[in-house]
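Below: one structure, written as structure tokens.
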Amino acid sequence: MATEVQPEVRTTAGTVRGRWEGELAVFRGIPYAAPPVGEARFAAPQPAPRWDGVRETVAFGSPAPQDCAGFRHFDLGERPKSTGGDWLTLNVWTPAPDRAARLPVMVWIHGGAYKMGTGADEKELANARIAREGNLVLVSLNYRLGIEGFAAIEGAPPNRGLLDQIAALQWVQDNIATFGGNPDRVTVFGESAGGSSVGTLMAMPAAAGLFHRAIAQSFGGPFLTPELATDITTAIARQRGRRPTVADLSTVEPNDLAKAGEETAATQHQHLDRWGPMAAHLTFFAPTVDGEVLPATPYRALAAGAGRDIELIAGHNRDEYQVFLVGSGKLGTIDDQEAARVLDVFGPGPNAEKAYRAAFPEATADRLWERVQSDWLFRMPTLRLAEAHATGGGRTRFYELTWASPAAGGLLGACHGLDLPLVFGAFDSGLGQMLLDGPVPSAETVAVSAHMRSAWIAFATHADPGWPTFDTEHRLTQLFDAVPTVAAYPEESSRQLWEHDDMAPLALLQ
């Protein structure tokens with residue numbers, strides 16, 4: 001019996017050999033930049049070293065060190081472990097590893113609060129169903145997380161995790177043609193911190209020209225001033241008796257440094273008077289608006305015309321924060337005092353509690369707790385991103401996922417993360433089983449999943465997902481549900497509450 005010939009592709013650093021898996025040639029763990037270790041730790045990404053011969057690329061690269069503080073009560077299966085320092089790798093699924101194919105390319109940026117996750121999540125992106133069904137090339141990547149990638153460290157460039165993503169996108173421009181992709185038809189998409197990364201890349205000068213379409217799923221809002229970011233890093237470094245400098249933090253092993261972040265989270269509430277919302281948030285990490293690597297928030301940059309040549313889909317889920325309310329065991333325990341506290345911390349302006357109660361007079365304490373955090377973290381930032389892009393002259397489309405999770409007796413609603421297993425058809429992944437009541441999905445679940453995935457594929461292929469463009473007058477929104485419809489933006493009450501909030505970078509309060 002003849003041995004199947006496995007696919008080989010020449011990259012700028014050397015030849016890689018993958019594996020045929022059904023209809024797709026799959027290459028895992030290709031280095032797109034040098035390992036960020038030794039003197040390269042906390043530095044901007046550098047080109048991957050060249051190699052001779054053929055490099056086997058059949059195993060996913062190690063993820064960056066993981067900080068799971070705030071998420072341990074979610075049963076998502078075994079979390080990925082970081083080993084070694086070869087974190088800057090990517091993966092390619094292609095139906096035709098041939099330069100003549102010129103297929104559309106989709107680049108997935110994973111989420112995880114900027115501090116956990118991997119490009120191999122969701123049961124290996126449901127075996128790249130999106131690549132098979134769309135006849136396109138799919139790329140996923142790992143990037144530096146937490147302190148390694150996003151902390152403000154003296155002597156290090158800011159936003160290193162975003163610079164890693166840019167290095168991966170540059171690798172795509174230089175190499176994807178030999179995998180059958182068209183470097184002139186690159187769509188970047190991501191969810192949560194990945195969706196936030198997508199929107200932020202649109203505002204970064206170094207990313208200009210590296211992609212042409214973007215899908216920002218649940219774009220998360222916080223951006224930090226350098227002063228606040230540095231103060232947070234100082235508190236984390238103090239856990240190990242260090243200063244927030246490259247020289248000091250380089251002496252702490254990466255996984256131990258991530259653990260120091262987890263330890264700091266245990267007492268973060270003590271910093272409310274200095275850090276404001278970031279002291280009550282699930283993560284310390286967010287992009288820093290430093291004026292150079294990231295000159296301005298995406299809201300300001302896109303409204304001024306940055307990214308106007310990039311087609312954009314932006315959207316969020318209706319009940320984003322409900323999964324955190326249910327998953328943390330707080331459902332039914334929120335009283336009016338706790339609701340008032342959260343409204344004060346996360347709401348817009350000095351009279352947020354009064355304004356929310358007036359806008360939603362029938363809302364329970366639970367509902368107000370969920371609504372203001374959904375608005376602050378995901379819904380209003382995503383809407384503002386779309387409004388800014390449309391204002392700056394970009395072609396924009398907007399959606400809301402209103403289809404409710406069938407899990408937990410319906411208590412989760414259309415919660416954060418629900419779109420992820422739907423888009424990839426990852427019904428038997430950890431998240432799919434938690435949110436879709438898997439692993440055997442209902443016919444309705446399969447239909448909603450297929451509709452979202454086909455829209456993403458159509459957008460990447462033809463720039464038209466199948467619904468009208470968005471503007472700041474009509475705000476037409478695709479509602480993904482069992483019966484999809486197009487309507488005016490359904491969260492108008494929240495929009496009006498946040499209309500005059502400038503969503504400036506969060507500042508150090510004292």
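Only heavy atoms go into these numbers, but all of them, side chains included; no hydrogens, no water, no symmetry mates. Note that the structure is predicted; figures quoted are calculated from it, not measured. By convention here, the first residue in the shown sequence is residue 1.
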Can you tell me how the ring of [X] sits relative to the ring of [Y], calling it parallel under 30°, perpendicular over 60° and tilted otherwise?
X	Y	answer
Trp275	His271	parallel
Phe179	Trp171	tilted
Phe189	Phe424	tilted
Tyr143	His110	parallel

Is it the case that the ring center of Phe378 lies less than 6.0 angstrom away from the ring center of His416?
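Centroid distance His416-Phe378: below 6.0 Å, so yes.
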Under 4.0 Å between a Lys/Arg side-chain N and an Asp/Glu carboxylate O for [X] and [Y]?
X	Y	result
Glu491	Arg318	no
Glu148	Arg160	no
Asp464	Arg397	yes

Closest non-hydrogen atom pair between [X] and [Y], with its separation:
X	Y	answer
Pro468	Leu476	CB-CD1, 4.0 Å
Pro244	Thr233	CB-CG2, 3.7 Å
Gly85	Pro35	O-CB, 3.5 Å
Asn159	Asp290	ND2-OD1, 3.6 Å
Ser197	Ile109	CB-CG2, 4.1 Å
Asn142	Thr118	OD1-OG1, 3.2 Å

Can you tell me how far apart [atom1] ([X]) and [atom2] ([Y]) are? Round to the nearest 0.5 Å.
X	Y	atom1	atom2	result
Leu506	Glu227	CG	CD	12.5 Å
Ile236	Leu257	CD1	CG	7.5 Å
Ile232	Leu508	CD1	CG	8.5 Å

Quick check: does any side chain N or O of Lys115 sit under 3.5 Å from a backbone N or O of Gly261, one acting as donor and the other as acceptor?
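Answer holds: no.
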Ser140 (side chain) donor-acceptor with Gly119 (main chain) under 3.5 angstrom:
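Confirmed, Ser140 side chain pairs with Gly119 backbone.
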Worked check of salt bridge (charged side-chain N to carboxylate O under 4.0 Å, His left out) between Arg453 and Glu133:
CA-CA 9 Å; Arg453 189 164 53 258; Glu133 293 181 1; 2.8 Å; yes
Going by atom types only, do [X] and [Y] share a side-chain donor-acceptor pair under 3.5 Å?
X	Y	value
Thr396	His389	yes
Thr12	Asp174	no
Asn175	Tyr32	no
Glu320	Ser218	yes

Is the CZ atom of Arg41 crowded by more than 12 outside heavy atoms at less than 6.0 Å?
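More than 12 heavy atoms, drawn from other residues, nucleotides or ligands, come within 6.0 Å of this atom.
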If you count the non-hydrogen atoms of other residues, nucleotides and ligands that lie under 6.0 Å from CD in Glu154, is the total more than 12?
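Atom CD in Glu154 is not crowded, with 12 or fewer foreign heavy atoms closer than 6.0 Å.
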Do Thr402 and Asp481 pass the side chain to side chain donor-acceptor pair (under 3.5 Å) test, and can you show the C-alpha distance, the side-chain angles, and the key distance before you say yes or no?
CA-CA 5 Å; Thr402 54; Asp481 213 317; 2.9 Å; yes
When Phe480 is tested against each of Trp403, Trp467, Phe398 for ring pair (Phe, Tyr, Trp, His ring centres under 6.0 Å), which residue passes?
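Considering Trp403, Trp467, Phe398, a ring pair (Phe, Tyr, Trp, His ring centres under 6.0 Å) with Phe480 is found only for Trp467.
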Sole candidate of Phe470, Phe219, Phe459, Trp456 that passes ring pair (Phe, Tyr, Trp, His ring centres under 6.0 Å) when paired with Tyr399
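Running ring pair (Phe, Tyr, Trp, His ring centres under 6.0 Å) over Phe470, Phe219, Phe459, Trp456 with Tyr399 returns exactly one hit, Trp456.
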Yes or no on side-chain contact (heavy atoms from CB on, under 4.5 Å) for Arg395 and Arg308, after CA distance, side-chain angles and deciding distance?
CA-CA 7 Å; Arg395 186 173 171 85; Arg308 67 160 59 99; over 6 Å; no
Worked check of salt bridge (charged side-chain N to carboxylate O under 4.0 Å, His left out) between Asp184 and Arg102:
CA-CA 9 Å; Asp184 298 323; Arg102 303 284 290 178; 3.8 Å; yes
Between Tyr321 and Trp369, is a ring pair (Phe, Tyr, Trp, His ring centres under 6.0 Å) present by the stated rule, with each step listed?
CA-CA 9 Å; Tyr321 221 76; Trp369 189 96; 5.7 Å; yes
List the steps, then state whether side-chain contact (heavy atoms from CB on, under 4.5 Å) holds for Val323 with Leu435.
CA-CA 9 Å; Val323 69; Leu435 299 181; 4.2 Å; yes
